[in-house]
Engineer: 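One structure coming up, written as structure tokens, with questions to follow.
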There are 2 protein chains.
Amino acid sequence: MTALPQSEPEALAVGPLEVIPVEHLARVNGSALMLSVVELRMLTELLRRADRIVSREELSTRVWGRELRPGDRSVDVYVHKLRVKLEAALPGWSFIHTHFGLGYRLCPQPRKAAPRLVPERSRAGS
Amino acid sequence: MTALPQSEPEALAVGPLEVIPVEHLARVNGSALMLSVVELRMLTELLRRADRIVSREELSTRVWGRELRPGDRSVDVYVHKLRVKLEAALPGWSFIHTHFGLGYRLCPQPRKAAPRLVPERSRAGS
DNA sequence: CAAATGGTGACCCAAATGTGAACAAGTTGT
DNA sequence: ACAACTTGTTCACATTTGGGTCACCATTTG
């Protein structure tokens, strides 16, 4: 057992989400996500502060290592990319919540089901 | 129970894939693959780290015993050769996944069905 | 309502990866 | 020794991917 700096935990997890930063690997419900380097860094930072609001400034600093320039939308764009991939990995769940004017907050939870227009089809197992 | 050096397991297996390094044998769903020496070593190394990302540098070191020279594509070429043979052995499955800028990850799984060219007939009634 | 803020698809383009083929070296069979 | 194969290595070219940036639409706020 190597003594790791406790500031860098080996793995982070919240709900069905798990990230192993040193391995550049993220999983949802055990299955690996295909994330780019920046996407993974961003998810990691959100996960470090799970369930707390993280400002764009802070995300910009931690993920890109630079100040957030005025008019810079890259944070938003990458939040979107993450949302798309997370939704694909676990349909019906919300992960990243927007706090208007403040930032984003990671909190995996089943999304409130939209009322079915057409009744659910029964699901056949394999 | 013979006490083998635990660093060299007799057999490695993940899903339908099985490799017995000491016998130079690889099987998919029980049937043997025809692999060259380098191909087998590479598959073995990937299998040892199943479901984790293995960098090209590491593959070069472990399979060829040398540093990865800049511009060296041999890792990619052999990943390709493996993919071809694995696909032939078990059509419709993916085994080796590319993590852009990071490396490869072995994880046998049925490939996501290609999206229908012609959309599924909808069953909305009215 | 208007202004601010966030969502999202499209685009550019350099770099990473996929892939067929040529080549050389080694093996096998005769 | 020679031909017929096999295999490892290297190229060249084709494709894909990802980071960054816009533009335009949608939502929220006051």
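None of these values were measured; they are calculated from a predicted model. Letters A, B, ... mirror the listed sequences (proteins, then strands); counts begin at 1.
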Engineer: Remember a base hit wins even if backbone is also touched, and classify B:R66 as base, sugar-phosphate or nothing at under 4.0 Å, heavy atoms.
Structural biologist: sugar-phosphate
Engineer: Look at B:W64 and D:dG8 and indicate whether a side-chain polar atom (N or O) is within less than 4.0 Å of OP1 or OP2.
Structural biologist: no
Engineer: Using only side-chain N and O atoms of B:S36, determine if any of them is under 4.0 Å from OP1 or OP2 of D:dT6.
Structural biologist: no
Engineer: Roughly, in whole Å, what's the span from CG in B:L102 to C1' in D:dT16?
Structural biologist: 16 Å
Engineer: To the nearest angstrom, how far is A:I96 atom CD1 from C:dG6 atom P?
Structural biologist: 14 Å
Engineer: Distances for protein N/O vs nucleotides 18-21 of chain C N/O pairs under 3.5 angstrom?
Structural biologist:
from   : atom 1 : to     : atom 2 : distance (Å)
C:dG18 : OP1    : B:R83  : NH1    : 2.7
C:dG18 : OP1    : B:T98  : OG1    : 2.8
C:dG18 : OP2    : B:Y104 : OH     : 2.6
C:dG18 : N7     : B:R73  : NH2    : 2.7
C:dG18 : O6     : B:R73  : NH1    : 3.0

Engineer: Specify the angle, to 10°, made by the local axes at the two ends of the helix from C:dC1-D:dG30 to C:dT30-D:dA1 when five pairs are taken at each end.
Structural biologist: 40°
Engineer: In whole angstrom, what separates B:L68's CG from C:dA16's C1'?
Structural biologist: 13 Å
Engineer: In Å and rounded to the nearest 0.5 Å, what is the CZ to CZ distance from B:R52 to B:R49?
Structural biologist: 6.5 Å
Engineer: Is B:R41 paired with B:E45 through a side-chain N to carboxylate O contact shorter than 4.0 Å?
Structural biologist: no
Engineer: Is the closest side-chain heavy-atom distance between B:W64 and B:V75 below 4.5 Å?
Structural biologist: yes
Engineer: Between B:S74 and A:D72, who's closer to the 5' end of DNA chain D by nearest nucleotide?
Structural biologist: B:S74
Engineer: In plain terms, say whether B:E39 and B:K81 are close enough for a salt bridge, that is, a side-chain N and a carboxylate O under 4.0 Å apart.
Structural biologist: no
Engineer: Using the side-chain heavy atoms of A:F100, tell me which of these nucleotides is nearest: D:dT9, D:dT21, D:dT29.
Structural biologist: D:dT29
Engineer: Taking everything shown except B:E67 itself, do over 12 heavy atoms lie less than 6.0 Å from its CD?
Structural biologist: no
Engineer: Quickly work out the A:E39 CD to D:dG20 P distance and round it to whole Å.
Structural biologist: 11 Å
Engineer: To the nearest Å, how far apart are B:L82 CG and D:dG8 P?
Structural biologist: 11 Å
Engineer: Quick one: do the B:H99 and B:R105 side chains pair a donor with an acceptor below 3.5 Å?
Structural biologist: yes
Engineer: Nearest-nucleotide wise, let me know which of A:R69 and A:L35 is further upstream toward the 5' end of DNA chain D.
Structural biologist: A:L35
Engineer: Any salt bridge between A:E87 and A:R111, counting N to O under 4.0 Å?
Structural biologist: yes
Engineer: For A:S74 and A:D72, does a side-chain donor sit closer than 3.5 Å to a side-chain acceptor?
Structural biologist: yes
Engineer: Between P on D:dG18 and NE2 on A:H24, what's the gap in Å once rounded to a whole number?
Structural biologist: 14 Å
Engineer: For A:H99 and C:dG7, what is the distance between atoms NE2 and P respectively, to the nearest whole Å?
Structural biologist: 12 Å
Engineer: For B:M42 and D:dG8, what is the distance between atoms CE and P respectively, to the nearest whole Å?
Structural biologist: 12 Å
Engineer: Pairing donors with acceptors under 3.5 angstrom, does anything connect the side chains of A:T98 and A:R83?
Structural biologist: yes
